[in-house]
Amino acid sequence: MVESRELQVKEKQEVATPGEQTRPGLVFTPEVDIFETDQEITVLADMPGVAADGMNIGLQNGVLTLSGDVKPWEGQDETDVLVEFEIGKYYRQLPLSDDIDQSKIEAKLEDGVLRLTLPKAQKAVPRQITVTAG
Amino acid sequence: MQTTLKQEDQIMVFRKMFDFPFMGWQNNLASMERMARQMDLLTSTMFGRPQMRFFPSKVFPAVNITEDNDRYYVRAEFPGIRAEEIRLEVVGRNLSIFGERKIQSEGENIRYHRREREAGRFSRVIGLPGDVNSDSVDAKLVNGILTIAVGKSEVAKPKQISVM
């Protein structure tokens with residue numbers, strides 16, 4: 001059974017790839033959920049194997065950059081029997097449409113899932129404007 | 001004096017001539033095999049895993065299996081799944097992994113921009129390459145990586161034999 005999924009509209013912007021990798025190794029795009037309320041934007045990213053100290057989050061010019069380093073988890077004297085997935089770091093850049101209050105960003109990494117709460121800056125919060133009949 | 005070919009030999013010569021295109025086909029297979037070996041070499045230099053090709057899995061979860069002298073290690077990526085949502089069973093050489101990944105609702109008044117993470121059930125049986133001791137199985141879930149360490153049975157452990 002798969003949970004009933006809502007119809008989704010994909011953003012047209014392509015996810016930027018890391019330009020020049022300075023370190024060797026594979027780089028993967030983590031799967032993300034992004035949703036917003038009137039007050040905040042929340043980003044959930046699947047990054048299995050990333051510990052809190054390997055996580056880097058940056059926000060610059062409206063682009064959120066997630067980068068997670070994975071330390072090799074295999075022991076020294078283990079030899080491969082079967083390889084079905086590769087191990088590498090995670091990298092993804094996400095453009096954000098609204099202004100973010102940078103001082104109130106919260107990040108939590110739990111069970112390999114990053115949960116990032118980005119409160120909107122005051123001017124981006126929609127206001128109700130009442131029209132009074134003149 | 002010139003020896004004449006016996007009838008059987010004549011048939012052999014005929015066959016060899018007749019099979020000539022087939023011989024060429026065999027050579028093609030050999031060159032394919034050579035190419036596959038070269039591809040292996042290429043991938044192993046790229047991924048740094050000599051003699052180990054990357055086999056994508058059709059069934060969730062994809063697992064990596066390694067071994068050392070005493071144990072097999074089965075690892076899978078389980079981001080956002082809690083330990084109590086995974087069930088493991090060992091029967092003979094087979095290790096079964098079942099469970100369900102749930103993604104909680106985030107409330108009513110939200111608008112999604114992207115929704116790529118998926119929820120659903122999974123079950124998979126993995127055949128381990130050697131006999132195992134089903135009493136010594138440890139599993140732990142750290143940062144979304146499940147590591148199952150399965151002890152090898154005495155038969156499957158390598159023995160050091162000293163030469164007298």
Side-chain angles (χ1 to χ4, degrees), chain A residues 1-11 15 24-26 29-52 54 68 70-71 73-88 94-97 109-115, chain B residues 46-59 61-69 71-83 100-103 105-121 126-130 141-147 149:
Chain A
M1 184 207 78
V2 179
E3 267 187 18
S4 59
R5 287 167 55 105
E6 286 161 41
L7 193 72
Q8 61 187 95
V9 181
K10 294 259 184 211
E11 265 182 60
V15 175
L26 298 165
T29 303
E31 291 188 335
V32 297
D33 281 359
I34 305 173
F35 53 87
E36 67 170 309
T37 63
D38 289 345
Q39 268 68 47
E40 59 191 27
I41 297 174
T42 305
V43 177
L44 295 171
D46 285 350
M47 295 179 159
V50 178
V70 174
K71 288 185 192 124
W73 50 68
E74 287 166 8
Q76 284 289 316
D77 40 351
E78 291 177 31
T79 52
D80 286 326
V81 178
L82 175 71
V83 180
E84 287 185 343
F85 65 90
E86 293 288 343
I87 302 160
L94 299 159
L96 298 174
S97 51
L109 190 63
E110 202 174 17
D111 298 331
V113 179
L114 174 75
R115 186 185 192 95
Chain B
M46 276 164 72
F47 297 121
R49 289 175 183 274
Q51 294 163 10
M52 184 50 65
R53 250 192 302 174
F54 171 54
F55 293 101
S57 165
K58 293 266 196 297
V59 185
V63 295
N64 281 357
I65 305 178
T66 60
E67 63 174 336
D68 62 15
N69 287 348
R71 283 156 182 264
Y72 294 109
Y73 299 90
V74 179
R75 291 186 177 86
E77 293 181 319
F78 279 115
I81 300 180
R82 274 170 300 168
E100 183 171 0
R101 185 187 192 196
K102 291 170 188 148
I103 292 180
S105 165
E106 299 286 346
E108 293 292 308
N109 288 317
I110 58 165
R111 299 180 292 280
Y112 271 99
H113 290 272
R114 286 171 189 273
R115 202 166 186 185
E116 299 168 354
R117 301 165 68 242
E118 287 179 355
R121 290 177 196 218
I126 297 144
L128 293 167
L141 191 62
V142 180
N143 294 328
I145 302 281
L146 176 72
T147 302

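Just so it is clear, the model here is predicted, and its values are computed rather than measured. Residue numbers start from 1 in every chain, and the chains themselves are labelled A, B, ... in the order their sequence lines are given, proteins ahead of strands. Heavy atoms only: backbone and side chains are in, while hydrogens, waters and symmetry mates are out.
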Would you find a donor on one side and an acceptor on the other, under 3.5 Å apart, between the side chain of [X] and the backbone of [Y]?
{"X": "A/Asp80", "Y": "B/Thr66", "answer": "no"}
{"X": "A/Glu84", "Y": "B/Val63", "answer": "yes"}
{"X": "A/Asp77", "Y": "B/Asp68", "answer": "no"}
{"X": "B/Glu116", "Y": "A/Val32", "answer": "yes"}

Minimum heavy-atom distance [X]-[Y], with the two atoms named:
{"X": "B/Pro79", "Y": "A/Gly112", "result": "CB-O, 3.8 Å"}
{"X": "B/Ile110", "Y": "A/Thr37", "result": "CG2-CG2, 3.5 Å"}
{"X": "B/Pro129", "Y": "A/Val81", "result": "CG-CG1, 3.7 Å"}
{"X": "B/Asn64", "Y": "A/Ile87", "result": "ND2-CD1, 4.3 Å"}
{"X": "A/Asp33", "Y": "B/Arg117", "result": "OD1-N, 3.1 Å"}

Could you tell me whether the side chain of B/Arg111 reaches within less than 4.5 Å of the side chain of A/Asp38, counting heavy atoms only?
yes

For residues B/His113 and A/Leu94, determine if any side-chain heavy atom of one lies less than 4.5 Å from a side-chain heavy atom of the other.
no

B/Phe78 side, atom CZ; A/Asp46 side, atom CG - distance, nearest 0.5 Å
12.5 Å

What distance separates B/Arg114 CZ from A/Glu31 CD, expressed to the nearest 0.5 Å?
12.0 Å

Between B/Ile81 and chain A, which part of the residue has a heavy atom less than 4.5 Å away: side chain, backbone, both or neither?
backbone

Cut-off 4.5 Å, heavy atoms of chain A, and the answer for B/Arg75 is both

Name the member of A/Ile41, A/Val43, A/Thr42, A/Val50 that forms the most heavy-atom pairs with chain B at distances under 4.5 Å.
A/Val50

Is it the side chain or the backbone of A/Leu44 that comes within 4.5 Å of chain B heavy atoms, both, or neither?
both

